[in-house]
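As structure tokens, the structure follows; a few thoughts come after it.
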Amino acid sequence: MKNHDIQHLSKIDSISFRNDLISWFEKEQRDLPWRKDQDPYKVWVSEIMLQQTRVETVIPYFNRFIDWFPTLEEFAEADEERILKAWEGLGYYSRVRNLHSAVKEVQETYNGVVPDTPAEISKLKGVGPYTAGAILSIAYGKAEPAVDGNVMRVLSRILLIKEDIAKPKTRKIFEDAIRELIDPAKPSFFNQALMELGALICTPGVPACLLCPVREHCFAFQEGVQAELPVKNQTRKSRDVQLVAAIITNEKDEFLIHKRAAKGLLANLWEFPNFEIHTQLLPKRSFFQEQFEADFGVKPSVGEFIAKIDHVFSHLVWNVDTFSGKLAPLIDKDVMESSKLRWVSEKEMEDYAFPVSHQKMFAAYKSGTKRLL
DNA sequence: GAGGCGTGGCA
DNA sequence: TTGCCAAGCCT
């Protein structure tokens, strides 16, 4: 660490800072389901769910997840369809596949006990620097930094750190600061308090400094520049993708669904057959039929237009022209298997994990069906 | 290091 | 409406 990176660090009374911060946390912390105990498995699950995801969104998912998989061992033995279903709608689905892989690793290598050293825990899939520090401090009481976006925002203000927090190497500056400031007696509360402060008081935009328990320690507040921090220079441009999809049924009122590839966007989730449109040469119905026949060897009939579904991802936007369609269930059984196609009843669809984009498509289909009755 | 990887809430 | 954000990690 270069000292000039954190010139205000040495001016902080770390004992007083810790006490003010932790006293506030002990009084004001939210009653959250993952704070009921310090089971390393539950702490781990909650930390993975909370990555880039709001607390209010996570709460019901966490409760259901622990209901379905109360212990690390039970989650390790779950099948992939079930774990994806548990994550359906949460986003960033590789999180749950990595968690599953890591939990199985803990079962096999560590006899079912989540490791408590930085070196071991960091080797687990999906456990990066933040999650490692969070589990080690919250579940095991180790004085390790857990630097997330909240911590960088809060500390950038308190210590007047103007490094760009969008740059990966900047995290180390904050980890070094935390190692100086962390309460060795209460590392769990210290780390959680910093994040709680970021969530409740030291928010992005205009923070509630008048309610802040540590504003006397805050150099940004002293200089009135809290709204200018943190510095974050990253704009990720998203790209538009045109798709044509069809909700295809057979004479038994079953739906044709397809399992997505094991890598990439929405990996291993199920979907209604769809294709990306690169050029606009053919009418969309014809394009869909040709692509479908090329991939699966039979040609469906494509019926009425259902809806144009717009769905925004973090890095791209889907624009999906959705049609209804009909197909006799005559696709060869081996082709169905190798093409990862399946006919399922509406009831059976409940057991499959679909991305939100396809839930929107199905909702539009259902409302269209209802209109026809 | 930069970009892939979801979703919903909010100004 | 549009863009930005919210307890990151992987490649």
Side-chain angles (χ1 to χ4, degrees), chain A residues 25 29-30 32-35 43-62 84 87-99 101-102 121-135 137-138 145-155 164-172 174-175 178 188 191-200 202-206 227 230 232-241 260-269 271 309-318 353-360:
Chain A
F25 179 72
Q29 65 167 301
R30 289 168 290 180
L32 300 173
W34 46 89
R35 287 180 174 162
V43 171
W44 187 3
V45 170
S46 72
E47 291 302 339
I48 300 298
M49 285 189 172
L50 286 162
Q51 289 170 7
Q52 303 287 285
T53 311
R54 313 183 102 84
V55 165
E56 310 77 59
T57 303
V58 167
I59 290 172
Y61 279 91
F62 177 83
L84 283 172
W87 217 262
E88 182 185 51
L90 247 195
Y92 288 142
Y93 299 94
S94 66
R95 289 184 293 175
V96 75
R97 292 185 298 118
N98 287 338
L99 178 62
S101 161
I121 203 165
S122 298
K123 283 183 193 148
L124 298 171
K125 274 201 185 99
V127 178
Y130 163 73
T131 305
I135 297 171
S137 60
I138 297 171
V147 175
D148 69 342
N150 281 311
V151 171
M152 290 199 280
R153 182 174 60 257
V154 171
L155 273 196
D164 181 0
I165 66 166
K167 293 189 184 306
K169 60 184 299 187
T170 304
R171 196 194 69 251
K172 188 177 174 1
F174 291 92
E175 286 177 348
I178 295 294
S188 168
N191 282 339
Q192 290 188 75
L194 229 33
M195 293 188 276
E196 196 82 341
L197 189 67
L200 300 181
C202 196
T203 52
V206 183
K232 191 175 184 182
N233 297 318
Q234 191 167 16
T235 57
R236 295 183 181 178
K237 51 186 178 294
S238 69
R239 139 185 102 85
D240 283 358
V241 175
R260 293 178 60 86
K263 289 188 174 181
L265 184 65
L266 306 169
N268 284 352
L269 271 69
E271 64 183 1
I309 302 295
D310 293 315
H311 190 74
V312 180
F313 295 89
S314 50
H315 59 303
L316 52 84
V317 177
W318 271 5
F354 290 86
V356 169
S357 48
H358 287 257
Q359 294 172 18
K360 288 183 192 172

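Labels below follow one simple rule: chain letters A, B, ... track the order of the sequence lines, proteins then strands, and each chain is numbered from 1. The model shown is predicted, which means the values in this text are computed figures rather than measured ones.
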Of Q192(A) and S122(A), the one whose closest DNA chain C nucleotide lies more 5' |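 Nearer the 5' end of the strand: Q192(A).
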Sequence-aligned protein contact record of nucleotides 6-11 of chain B, with B where the base is within under 4.0 Å of a protein heavy atom and S where only the sugar-phosphate is | BBB---
Any donor-acceptor N/O pair, [X] side chain to [Y] backbone, under 3.5 Å:
X       : Y       : answer
K125(A) : R97(A)  : no
R153(A) : C202(A) : yes
R260(A) : E271(A) : no
Y61(A)  : E88(A)  : yes

Sequence-distant partners of F354(A), ring pair (Phe, Tyr, Trp, His ring centres under 6.0 Å), two or more places apart |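 With neighbours one apart ignored, the set is F272(A).
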Checking all strands, does [X] fall into the base, sugar-phosphate, or nothing category for heavy-atom contacts under 4.0 angstrom?
X       : result
V55(A)  : base
K125(A) : sugar-phosphate
R35(A)  : base
R97(A)  : nothing

Can you tell me how far [atom2] of [N] sits from [atom1] of [X], to the nearest Å?
X       : N      : atom1 : atom2 : answer
M152(A) : dA6(C) : CE    : P     : 12 Å
I59(A)  : dA6(C) : CD1   : P     : 17 Å
R239(A) : dG3(B) : CZ    : P     : 13 Å
R153(A) : dC4(C) : CZ    : P     : 17 Å
K167(A) : dA2(B) : NZ    : C1'   : 10 Å
Y130(A) : dA6(C) : OH    : P     : 15 Å
I48(A)  : dC5(B) : CD1   : C1'   : 14 Å
D164(A) : dA2(B) : CG    : C1'   : 13 Å

To the nearest 0.5 Å, atom CG of L50(A) lies from atom CE of M195(A) at 8.5 Å
Nearest to the side chain of T131(A) - dA2(B), dG8(C), dC5(C)?
-> dG8(C)
Rounding to an integer number of angstrom, what distance separates [N] and [M] when you compare their [atom1] atoms?
N      : M       : atom1 : result
dC4(C) : dG3(B)  : P     : 15 Å
dG6(B) : dT11(C) : P     : 14 Å
dG1(B) : dA6(C)  : P     : 23 Å

Do Y130(A) and Q51(A) have side-chain atoms, one donor and one acceptor, less than 3.5 Å apart?
-> no
